[in-house]
Every structure is written in structure tokens, then in C-alpha cells.
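First comes the structure, then the notes that go with it.
Just the heavy atoms: all of them, side chains too, but no hydrogens, waters or symmetry mates, feed the values below. Index from 1, following the sequence.
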Amino acid sequence: MAATLRQTPLTCSGHTRPVVHLAFSQMCPDGYFLISASKDGKPMLRQGNTGDWIGTFEGHKGAVWGVALNSDATRAATAAADFSAKIWDAVAGEELHTFSHSHIVKSVDFSPDSTELLTGSNEKLLKIFDLGKPEAEPQVFSGHTGGLKHVLFMNQGKQMLSCAEDKTVRCWDKASGQEVRKLEVAHNPTSMELAADGQMLTLTYGSKVAFLNPETLEQQKEITVPTTVYSASLHPGRTFFICGGEDFKMYKFDFNTTEEIESFKGHFGPVHCVRFSPDGELYASGSEDGTLRLWQTTVGKTYGLWKCIDATANDINTTVKPEATA
């Protein structure tokens, strides 16, 4: 039947400007959740498996560039062009704290135990804030010579990864405050994803998707995509990966053979961010066109709002999805 089914995405509307970053929560008692960053300055929280709008975090006075959810999805973090990072109560929707910076903040990440917030900004610095003592001065890590693009905790929060517009990826040690490894790449990195088990780092730059050992930053494999690629995500089962970029298309590649499985036009603008859900059943994409879209990993499988209908009958494989609005 799979041969008679076509991919039908769920379109999540609500943002009024380009969607530039997104993040899924881990699996929670209530399923899992999806948070999106947009240049409209109003990050949105949604039910992960359906895309249904839950709420909008209002308070930033500029484009929001980065978002994160903590392990149990009770807290959200946002990074914005108003020189601030904010912590939010993801259940009540209330702003809990603002961390001021001296330049645009591009990326945020929670420590695994949710006690610390990592930020990366155009200050060219990484900063770690103690969420138990939000007024305290942050721990600062310096060395990058370009604005930070993405930052991530790794090794149970003992180390951090960063990539920046100095064409480098770096690993930092929290205890010593020092850079411990550095990888130089041919182009400025555009995205970075650490696998849930911490064993694989997915990096994009130029038209390349590279997979690295996060401990050593040694390259495991590199794939060339037919466009400038802005984001990639590895399936939790490591069978394939998806990516998107400048040519509006979504690509799926076999992770083991590195061969392209399929590609299709996914949006009406460049694709800025892609991520697999924590269970691997769907993946989300955000675009210059202002929308988020959810795609089935296995087309035709009944999951979330998708109901299996043979396309030979009516050429669809999904229930009608009312567009979510803010």
C-alpha cells in the first residue's frame, strides 16, 4: 500500500514571520511537545504529535532565534534579538526570568537536570546561568572569534558544544572553563544536533551534512546535499536522516549508505530548521514562509492526526487538519 500513498504534511500556522528554529521535548506523561522560534518574536508551544497550538510566549521585543524545552517540558527557554534570553513556565506560560546580554542571543539549552541555562550570542561567548540563583553572574567561556550559532550541553552537563560564524565547532569543559577541542570546517556552520544518547553530533555547513563523534569531534561521515543546507536531523534509530535548506525541499537520506531516498518541495521558502520527534514517528520543519509542517516518517501509518487511507481511493492519507492559529 505504501507505494500508493503520498506524504501529506500537517501545516501549523500562527507565526507571521519566518520560523528559524524548533525543538521537541523528550517523551513526557502527556506525550511530547514542540516549541518554535520565529522572527515575529513570539515563540509558540504545540502538542508534538498533532501540531495543535497550546500557547504563545509573549514578552520579547525582537526576533527569537533559539528555543529549548527542559527534560519534562515544564520550562521553556528562548534566545532573542532584544539582547536577552528568557526562562518561561511552560505550563502557565508566564515569564520567570530574563538574562540580559550585550548583543543578540542566538541559542539556548537546558542542562540535563534543568538547573542551568546555556546561552550563545553575538558576544562571541558561551554563558552558563544558575537557574537557582538567576541574579548571580554567569560562568563565561571565551575563544570564538565569530558570533555563536548554536550551543548544547553534553556529558550530563559537564561539557558544552558550540558552533559559530568563525567556521569552527568547539568543545568546552565546564569544570575548568577551558576549550578542550576545536574543529575547523569549510563554511560557517548552520545547525547542530546532538543525538538523544549523546553519541552522535549532526552538523550542517555549506552543502554538507556531517556526522561527528561529539567526544573527539572526529568526522564519521559527510554527505553532500544538492543545495545549501540549513538544518539536518538524524532519526533516533539511525536508519536515515532528513535535511532542508535554500531550495525549499525536504530531503531524506539513508544514513548507512548515504544515498538519497527521496526529496520533495516542502515549503514556499527556504527550510531553516528540521527535527525528528523523540519517538521518531514524525519530523517537523520550519521555513521562511512562516509555517511549521509535520511530516510522517512512515507514510500511511495511523499516528496523531494521520489516518491510513488508501490513496488509490481518494489520493489522500490524512484527516483534514484545521490549521492551528495563535
Check your understanding: What about Phe141 and Leu148, same hydrophobic cluster or not, with Ile/Leu/Val/Met/Phe/Trp/Tyr joined at side-chain heavy-atom distances under 4.5 Å?
Key -> yes

Check your understanding: Between CG of Leu294 and OG of Ser285, what distance do you get to the nearest 0.5 Å?
Key -> 8.0 Å

Exercise for review: Begin with the C-alpha distance, continue with both residues' side-chain angles, and end with the deciding distance and a verdict on side-chain contact (heavy atoms from CB on, under 4.5 Å) for Leu22 and Leu292.
Suggested key: CA-CA 9 Å; Leu22 61 89; Leu292 281 164; 3.6 Å; yes

Check your understanding: When you check the gap from the basic side-chain N to the acidic O, do Arg238 and Asp197 get nearer than 4.0 Å?
Key -> yes

Practice item. State whether the side chain of Asp52 and the backbone N or O of Gln47 hold a donor-acceptor pair below 3.5 Å, judged by distance alone. Key: no

Review point. Can you tell if the side chain of Met160 reaches within under 4.5 Å of the side chain of Val151, non-hydrogen atoms only?
Key: no

Check your understanding: Just wondering, more than 12 heavy atoms not from Lys221 lying within 6.0 Å of its NZ?
Key -> yes

Practice item. Ignoring hydrogens and angles, tell me if any N or O in the side chain of Asp173 forms a donor-acceptor pair with the backbone of Ser176 under 3.5 Å. Key: yes

Review point. If we only count heavy atoms from C-beta on, is the Leu203 to Val185 side-chain gap below 4.5 Å?
Key: yes

Practice item. Hey, could you give me the OH/OG1 distance between Tyr303 and Thr298, rounded to the nearest 0.5 Å? Key: 11.0 Å

Check your understanding: In the hydrophobic cluster built from side-chain contacts under 4.5 Å, what are the other members alongside Val209?
Key -> Met200, Phe211, Ile223, Val225, Val229, Leu234, Phe241, Tyr251, Phe253, Phe255

Review point. Does the side-chain contact (heavy atoms from CB on, under 4.5 Å) test come out yes or no for Ser71 and Ser114, once each step is laid out?
Key: CA-CA 7 Å; Ser71 57; Ser114 302; 3.8 Å; yes

Check your understanding: Between Ser162 and His144, is a side chain to side chain donor-acceptor pair (under 3.5 Å) present by the stated rule, with each step listed?
Key -> CA-CA 9 Å; Ser162 60; His144 276 293; 2.7 Å; yes

Review point. For the residue pair Pro9 and Gln7, what are the closest heavy atoms and their distance?
Key: CD-O, 3.8 Å

Point to revise | With Lys86 via salt bridge (charged side-chain N to carboxylate O under 4.0 Å, His left out) - residues at least two apart | key: Glu95

Check your understanding: Atom CG of Asn49 and atom CG of Leu305: how far apart are they, to the nearest 0.5 Å?
Key -> 7.0 Å

Review point. If Ile, Leu, Val, Met, Phe, Trp and Tyr residues are connected whenever their side-chain heavy atoms lie under 4.5 Å apart, and connections chain through other members, are Leu118 and Met154 in the same group?
Key: no

Review point. Asp109 side chain to Leu152 main-chain N or O, any donor-acceptor pair under 3.5 Å?
Key: no

Exercise for review: Find out whether Arg293 and Leu10 are in side-chain contact, i.e. whether some heavy atom of one side chain is under 4.5 Å from a heavy atom of the other.
Suggested key: no

**Study point:** Non-hydrogen atoms of Phe153 and Ile128 that approach each other most closely
**Key:** CE2-CD1, 4.0 Å

Check your understanding: Between Arg6 and Val299, is any pair of side-chain heavy atoms under 4.5 Å apart?
Key -> no

Exercise for review: Could you check Asn188 against Lys149 for side-chain contact (heavy atoms from CB on, under 4.5 Å), going step by step and ending with a plain yes or no?
Suggested key: CA-CA 9 Å; Asn188 283 328; Lys149 183 72 175 178; over 6 Å; no

Practice item. Report yes or no: does Ser231 contribute a side-chain atom to a donor-acceptor pair with the main-chain N or O of Val274 at less than 3.5 Å? Key: yes

Practice item. Answer yes or no: does atom NZ of Lys127 have more than 12 heavy-atom neighbours from other residues, nucleotides or ligands under 6.0 Å? Key: yes

Point to revise | Ser36 side chain to His21 side chain, donor-acceptor N/O pair below 3.5 angstrom | key: no

**Study point:** Distance-only polar pair, side chains of Trp65 and Ser107, donor-acceptor under 3.5 Å
**Key:** no

Review point. Do Tyr32 and Trp306 share a hydrophobic cluster, counting only Ile, Leu, Val, Met, Phe, Trp and Tyr and linking them when any side-chain heavy atoms are less than 4.5 Å apart?
Key: yes

Check your understanding: Taking the side chain from Thr168 and the backbone from Leu183, do they hold a donor-acceptor pair closer than 3.5 Å?
Key -> no

Review point. How about Thr258 and Asp254: does a side-chain donor come under 3.5 Å of a side-chain acceptor?
Key: no

Check your understanding: Where does the angle between the aromatic ring planes of His235 and Phe276 fall among parallel (under 30°), tilted (30 to 60°) and perpendicular (over 60°)?
Key -> perpendicular

Check your understanding: Any donor and acceptor pair, going by atom type alone, linking the side chain of Thr227 with main-chain N or O of Asp247 inside 3.5 Å?
Key -> yes

Check your understanding: Which other residues end up in the same hydrophobic cluster as Val108, if Ile, Leu, Val, Met, Phe, Trp and Tyr are linked when side-chain heavy atoms come under 4.5 Å apart?
Key -> Ile87, Leu96, Phe99, Phe110, Leu117, Phe129, Leu131

Exercise for review: Establish whether Val271 and Ile261 are linked, either directly or via other cluster members, by ILVMFWY side-chain heavy-atom contacts under 4.5 Å.
Suggested key: yes

Practice item. Tell me whether the guanidinium CZ or amine NZ of Lys252 lies under 6.0 angstrom from the six-membered ring centre of Phe240 and within 45° of its axis. Key: yes

Practice item. Examine distances only and state if a side-chain atom of Ser38 and a backbone atom of Lys42 form a donor-acceptor pair shorter than 3.5 Å. Key: no

Check your understanding: Is the gap between the ring centers of Trp295 and Phe264 under 6.0 Å?
Key -> yes

Exercise for review: Look at the side chain of Gln220 and the backbone N and O of Glu218, then say whether any donor-acceptor pair between them is shorter than 3.5 Å.
Suggested key: yes

Review point. Side chains of Tyr230 and Glu288: is there a donor and an acceptor less than 3.5 Å apart?
Key: no

Practice item. Just grab all the salt bridge (charged side-chain N to carboxylate O under 4.0 Å, His left out) pairs involving residues 270-287, residues at least two apart or on different chains. Key: Glu193-Arg275, Glu281-Lys301

Review point. Does the pair Glu184/Lys167 count as a salt bridge with the N-to-O cut at 4.0 Å?
Key: no

Exercise for review: Would you indicate whether the side-chain heavy atoms of Leu217 and Val169 approach each other to under 4.5 Å?
Suggested key: yes

Practice item. First locate atom CZ of Arg170, then atom CD of Gln178, and finally report the distance between them rounded to the nearest 0.5 Å. Key: 12.5 Å

Exercise for review: Please identify each residue that fulfils salt bridge (charged side-chain N to carboxylate O under 4.0 Å, His left out) with Glu215, with sequence neighbours left out.
Suggested key: none

Exercise for review: With the side chain counted from C-beta on, respond yes when Met250 and Tyr283 share a heavy-atom pair under 4.5 Å apart, and no when they do not.
Suggested key: yes

Exercise for review: Check whether the side chains of Thr204 and Thr190 place a donor and an acceptor atom closer than 3.5 Å, and report yes or no.
Suggested key: yes

Check your understanding: Ser121 and Glu123: side-chain donor and acceptor closer than 3.5 Å?
Key -> yes

Point to revise | Check: Ser287 side chain, Gly269 main-chain N or O, donor-acceptor pair, under 3.5 Å | key: yes

Review point. Side chains of His15 and Thr291: closer than 4.5 Å at any heavy-atom pair?
Key: no

Check your understanding: Is the closest side-chain heavy-atom distance between His272 and Glu246 below 4.5 Å?
Key -> no

Review point. Out of curiosity, Leu69 CG to Cys28 SG, how far, rounded to the nearest 0.5 Å?
Key: 8.5 Å

Review point. Taking all atoms of both residues into account, what is the closest heavy-atom pair of Pro43 and Thr78, and its distance?
Key: CG-CG2, 3.6 Å

Practice item. Go through the steps to decide whether Leu282 and Gln296 satisfy the test side-chain contact (heavy atoms from CB on, under 4.5 Å), and finish with yes or no. Key: CA-CA 5 Å; Leu282 62 80; Gln296 277 190 292; 5.7 Å; no

Practice item. Go through the structure and list residues passing salt bridge (charged side-chain N to carboxylate O under 4.0 Å, His left out) with Lys174, not counting sequence neighbours. Key: Glu116

Exercise for review: Using the rule that two of Ile, Leu, Val, Met, Phe, Trp, Tyr join whenever any of their side-chain heavy atoms come within less than 4.5 Å, decide whether Phe24 and Phe33 are in one cluster.
Suggested key: no

Review point. Do any N or O atoms from the side chain of Asn70 and from the backbone of Thr74 form a donor-acceptor pair under 3.5 angstrom?
Key: yes

Review point. What about Phe248 and His267, are their ring centers closer than 6.0 Å?
Key: no

Exercise for review: Report yes if the distance between the aromatic ring centroids of His101 and Phe83 is under 6.0 Å, otherwise no.
Suggested key: no

